[in-house]
Amino acid sequence: MGVKIGVVGCGSFSRSFINLFKAHPDVEKIVLCDLDPEKVKQRGAETGIENFSGSLDHLLETDVDAVALFTQNWLHGPQAKQALLNGKHVYSAVPMGITLDEIKDIVEAVEKTGNIYMMGETSYYYPDVIYCRNKYQEGAFGDVVYTECEYYHDWDHGLYDVMKRRGGDNWKWTAGGPPMHYPTHSVSCFVSMTGAYLTKVSCQGFSDRNKDGYDLYGEGKNEWDNSFSNESALFSASDGSAVRVNEFRRIGYPGTVRMSVFGTEGSFENKSTESSKKGCSWMTKQQSERIVLDDLLECKPHAINNTDGENAVVDEKPVNFAKIQPVDSLPDSFKKMNSGHFMSHNFLIHEFIQACYHRTMPCNNAWMAARYTIPGIIAHESAKRNGELLMIPDFGNPKY
Ligand SMILES: NC(=O)c1ccc[n+]([C@@H]2O[C@H](COP(=O)([O-])OP(=O)(O)OC[C@H]3O[C@@H](n4cnc5c(N)ncnc54)[C@H](O)[C@@H]3O)[C@@H](O)[C@H]2O)c1
């Protein structure tokens, strides 16, 4: 018997995931769920799926084994807890939650029920992050001393439309949230590479000047009374290194998620933008030793292995994996499917279905997701207090 999964939220982001669930050999049944019946109907017509539900509350009363949350970002925490306590495994789009209590509740619900929780952190499978994780495991950095992580997504890069769609008529109330409440794309790069976690933070905020006429930021203008459109934090990590994280939403720069890592023996420098992983290199103390990594890290068609041993380019339908991505770990159907965010969706969905089917621990489990998310929540508190150094709570390593 395969996994029966309910996809909650038939908005924009879940689209490519529904096709992946459909193509996974260990998925038995998919139920499409949204509060808006039109969206469910439309997605059903596109995918041929005929099982529908009108709300998460209703879905939790059905026989699905797991739910995948693609709802608005500020809803994930309470919805994940509700699903876990109702006996379901949970895949959640980022972020895990937006308050410390929401995250604590999820970790406790996982510990109490033994159900699987996984956060779909796309950065985890980005080619540059995989490269750094491999290098770290080889010991090639020596001791990591300093890491820079950043997520730049300017309002003019489609963000107004996204927040209008997610927030509805009252969209401004949720649009001007603290940038550090969406920290997982950047923070996870460091945490998932080293396994170290962030212990202390001092953060500065840039008070938005509201020149776009929307007046999204400031006291009384959003749910969080937040003034900052950009936040920059300096963290201490449990391995003794320093980590600088920028979360910018008002920035004259191409959109990007990226990390550069500096170690006592080797360093990885990343000058890529969101559209490509070109511009990454590996360096050591030797002036002449600079390895350009474009060929290894760029997502573009190249040869892949099928399980029958054939080494073939799927040239009638090119797939865009980077050479460094572990394509062999995927089911054959996933090797032939393109997806978003540097092909990370394929790996995330396979990881989650495997976890549900074989009861294994996903890499992006509740305890790791907490370590990706809580640092940003505390960083924003520090920014509100003009950079006061604050300690970051930690819920520890996976418990089972
Ligand atoms: N790289 C990434 O990891 C990445 C990229 C984009 C979006 N996301 C995340 O994906 C999520 C979804 O984004 P989107 O742009 O598709 O949002 P969206 O607003 O288009 O869709 C959300 C849908 O959830 C539905 N919904 C909310 N509560 C529900 C409930 N109780 N029961 C059933 N349906 C419910 C809404 O009706 C809506 O249709 C966001 O949280 C965002 O953070 C992550």
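Nothing fancy with the numbering, it's 1 onward along the sequence. Counting starts at 1 for both ligands and their atoms, in listed order.
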### Query
Which atoms of ligand 1 are found less than 4.0 Å from any heavy atom of S12?
16 (O), 20 (O)
#### Entry: Shortest protein heavy-atom distance from atom 21 (O) of ligand 1, along with the residue and atom involved
G11 CA, 3.5 Å
### Summary
min-distance protein heavy atom vs atom 27 (C) of ligand 1 -> Q72 OE1, 3.2 Å
## Note on the structure
Value for NZ (K88) from NZ (K4), rounded to nearest 0.5 Å, stands at 9.0 Å
### Task
Verify, without hydrogens or angle tests, whether S241 (side chain) and A237 (backbone) share a donor-acceptor contact under 3.5 angstrom.
no
### Message
Salt bridge or not between R244 and E148? Use side-chain N to carboxylate O under 4.0 Å.
### Response
yes
### Query
For ligand 1, which part of D57 has a heavy atom less than 4.0 Å away: the side chain, the backbone, both, or neither?
neither
### Message
I'd like to know if H185 contacts ligand 1, where contact means a heavy-atom distance under 4.0 Å to any ligand atom.
### Response
yes
#### Entry: Option among Y372, Y117, Y124 that satisfies the side chain to side chain donor-acceptor pair (under 3.5 Å) test with N364
Y372
### Summary
Which of I5, T47, I49 passes side chain to side chain contact (heavy atoms under 4.5 Å, CB included) with F21? It is I5
### Query
Considering only protein heavy atoms, which is closest to atom 30 (C) of ligand 1, and at what distance to one decimal place?
L35 CG, 3.6 Å
### Any N/O pair V162/ligand 1 closer than 3.5 Å
no
### Query
Can you find an N or O of D34 that's nearer than 3.5 Å to an N or O of ligand 1?
yes
### Message
Check contact between E121 and ligand 1, using heavy atoms of the residue and a distance below 4.0 angstrom.
### Response
no
### Message
Students should be able to answer this: which protein heavy-atom is nearest to atom 32 (N) of ligand 1, and at what distance?
### Response
L56 N, 3.1 Å
### Message
Under a 4.0 angstrom heavy-atom cut-off, which atoms of ligand 1 come close to C33?
### Response
33 (C)
### Message
Only heavy atoms of F70, strictly under 4.0 Å: list the atoms of ligand 1 that pass.
### Response
12 (C), 21 (O), 22 (C), 23 (C), 24 (O)
### Query
Going by the order shown, which atoms of ligand 1 are within less than 4.0 Å of some heavy atom of T71?
11 (C), 12 (C), 22 (C), 24 (O), 26 (N), 27 (C), 28 (N), 29 (C), 35 (C), 40 (C), 41 (O)
### Min N/O separation S55 to ligand 1 under 3.5 Å
no
### Task
Looking only at protein heavy atoms, identify the closest one to atom 43 (O) of ligand 1 and say how far it is in Å.
V94 O, 2.8 Å
### Message
Return the closest protein heavy atom for atom 15 (O) of ligand 1 as residue, atom name and distance.
### Response
R165 NH2, 2.4 Å
### Query
Are D332 and K335 within salt-bridge range, i.e. N to O under 4.0 Å?
yes
#### Entry: Atoms of ligand 1 close to V8 [distance to a heavy atom under 4.0 angstrom, numbered from 1]
32 (N), 33 (C), 34 (N)
### Message
Looking only at distances, can you tell me whether any N or O atom of F13, backbone or side chain, sits closer than 3.5 Å to an N or O atom of ligand 1?
### Response
yes
#### Entry: Atoms of ligand 1, numbered as shown, that sit under 4.0 Å from any heavy atom of Y182
4 (C), 8 (N), 42 (C), 43 (O), 44 (C)
### Task
May I ask you to list the atoms of ligand 1 that are less than 4.0 angstrom from any heavy atom of N73?
40 (C), 41 (O), 43 (O)
### Message
Would A93 count as a polar contact of ligand 1, with the cut-off being nitrogen or oxygen pairs under 3.5 Å?
### Response
no
### Message
Between K278 and D294 (salt bridge meaning N to carboxylate O under 4.0 Å), is one present in this structure?
### Response
no
### Query
Applying the 4.5 Å side-chain criterion to the ILVMFWY set and letting contacts propagate, would L348 and L20 be lumped into a single cluster?
yes
### Query
What class does the angle between the rings of H185 and Y182 fall in, given that below 30° is parallel, 30 to 60° is tilted and above 60° is perpendicular?
perpendicular
### Query
Got a donor-acceptor contact below 3.5 angstrom from the R250 side chain to the S229 backbone?
no
### Task
Please find out if less than 6.0 Å separates the ring center of W155 from that of F248.
no
### Query
Is there a donor-acceptor contact under 3.5 Å from the side chain of Q325 to the main chain of F321?
no
### Task
State whether the side chain of N222 and the backbone N or O of G176 hold a donor-acceptor pair below 3.5 Å, judged by distance alone.
yes
### Task
Please could you name the atoms of ligand 1 that G9 approaches to less than 4.0 Å, counting only its heavy atoms?
23 (C), 24 (O), 25 (C)
### Task
Could you check E231, E247, R249 and say which one makes a side chain to side chain contact (heavy atoms under 4.5 Å, CB included) with P178?
E231
### Of the listed options H341, Q79, H153, R166, closest to atom 13 (O) of ligand 1 (non-hydrogen atoms)
R166
